[in-house]
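Below: the structure, in structure tokens.
Here, residue 1 is the first one in the sequence, and each next residue gets the next number. Order of appearance sets the numbers: ligands from 1, and atoms from 1 within every ligand.
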Amino acid sequence: MVNVAILGFGVVGSGVAEVLTQNKSIIEKKLDKEINIKYILDLREFPGNPFESLVIHDFNIILNDPEVSVVAEMMGGSHPAYDFSKACLEAGKSVVTSNKEVVANFGAELLEIAKAHGVAYLFEASVGGGIPIIRPMCNDLASNNITEISGILNGTTNYILTKMTTEGAAFADVLKDAQDKGYAERNPAADVEGLDAARKIVILAALAFGKSISPNDIYVEGITNIATSDVEMANGFGYAIKLIGHAKMVDGKILAMVSPRLVPHSNPLSGINGVFNGILLGADMVGEVMFYGPGAGKLPTASAVCADIVDAIAHADGSIKLPEFKIADASDIADVESYSCKRFFVFDKCPECALDSKIAEKCFGPISNFAIYGDKVALITEEMSEKNAAALCAKLNGCKAYRLL
Ligand code: HSE
């Protein structure tokens, strides 16, 4: 029998208990071993909950129990989640997690500790909720150089953008709805301001390029400045506005960023709606592959955590191959100023330099799309650097610039 402890009995933690109970026979058949949830660590009591009797409040009971060999950390936040994970790995217990904050900030260190102690540190659920993405990147794409990653990596913001687009719903109402459904972070600013997606893109970039960048070292822009009229104008030009995490190698350095982008309707990411996530990977041998599925939510995320529990148990002999990445230094990170792409400019009030497309071309260079909507003007330029786009926005009042994918 294998004893498992769950750290954190919130949305995902309770989902893990549910999956391990509901699909116990399927899971045990795969492993040819019985799995027992021995402890659930949480600060709260859960009177009347079927798992009530397993709830404890002292982490040391788990740490010091030699019968517990796998610990599933779903506490959220960096501390004490990182400290508990580290202590468990050092005590020879495998750790699986959905905690992207810990993986993005401490993943390289925790992987080293796991390797040194012959145990597993697995984090399939940290990106893309229930979508298999980490294991396919490490295993199924092992013979490829991954060259580029573009993904819708946050379910909450995709849910909000979809409702704004299809129902004209108000931002605050949709956010409340996403929170009620258990998609949003405890502090939803992490979702709507792009930090959650930033944690996820740096995890994917670390797996693809072998270097782990801090989410604090990349350009991050959320969805709070997107107006419904921007979405409508982009749609008129044949694009959906999506919050995109993007990473690629530029001259041997990693360029990673999160921002709202116009995605052409011909790109499969443009049709990903609601809480669903999608990740497009470019790789030198396979070409382009897409991963799609539920990016947040109790049971989808728990499904990925439980897959890691199964993997950790199946490789309890230390034979598991863990991802390899090192902490990046400043010289590994590309300067975002050098990034160039097509731009979508929108103006609340038509400026002198955009009275018509001919006049606008003098200021913006060649323009592929131009439209006037009441007082507003929208146009799409050829590729333009971050620096030039920012300079134009600073010069022209009421101007917003979006990147195109
Ligand atoms: N708040 C996250 C999201 C949860 O909305 O995608 C899944 O990581």
side-chain contact (heavy atoms from CB on, under 4.5 Å) partner of Asn3, chosen from Lys38, Glu34, Lys93
Lys38

Of Leu41, Leu63, Val71, the residue whose pairing with Phe84 passes side-chain contact (heavy atoms from CB on, under 4.5 Å)
Leu41

Quick test of your reading of the structure: of Gly295, Pro300, Gly129, whose heavy atom lies closest to atom 7 (C) of ligand 1?
Gly295

Residue-level breakdown please: for Thr157 versus ligand 1, do any non-hydrogen atoms fall below 4.0 Å on the side chain, on the backbone, on both, or on neither?
neither

Would you call Glu383 and Arg403 a salt bridge, using N to O less than 4.0 angstrom?
no

[atom]: which protein heavy atom is closest, and how many Å away?
atom	answer
atom 6 (O) of ligand 1	Gly155 N, 2.8 Å
atom 5 (O) of ligand 1	Thr156 OG1, 2.6 Å
atom 2 (C) of ligand 1	Glu185 OE2, 3.1 Å

Smallest separation among heavy atoms of Asn105 and Ser78, with atom names
ND2-OG, 4.3 Å

Under 6.0 Å between ring centres: does that hold for Phe344 and Tyr239?
no

Using a cut-off of 6.0 Å, state whether more than 12 heavy atoms not belonging to Asp58 lie near its atom CG.
yes

With a cut-off of 6.0 Å (strictly less than), are more than 12 heavy atoms of other residues, nucleotides or ligands near CG of Asp329?
yes

Check ligand 1 against [X] and write out every atom of the ligand that is under 4.0 Å from a heavy-atom position of the residue.
X	result
Asp191	1 (N), 2 (C), 3 (C), 5 (O)
Lys200	2 (C), 3 (C), 6 (O), 7 (C), 8 (O)
Lys100	2 (C), 4 (C), 7 (C), 8 (O)

Heteroatom proximity flag, Asn277 to ligand 1, N/O under 3.5 Å:
no

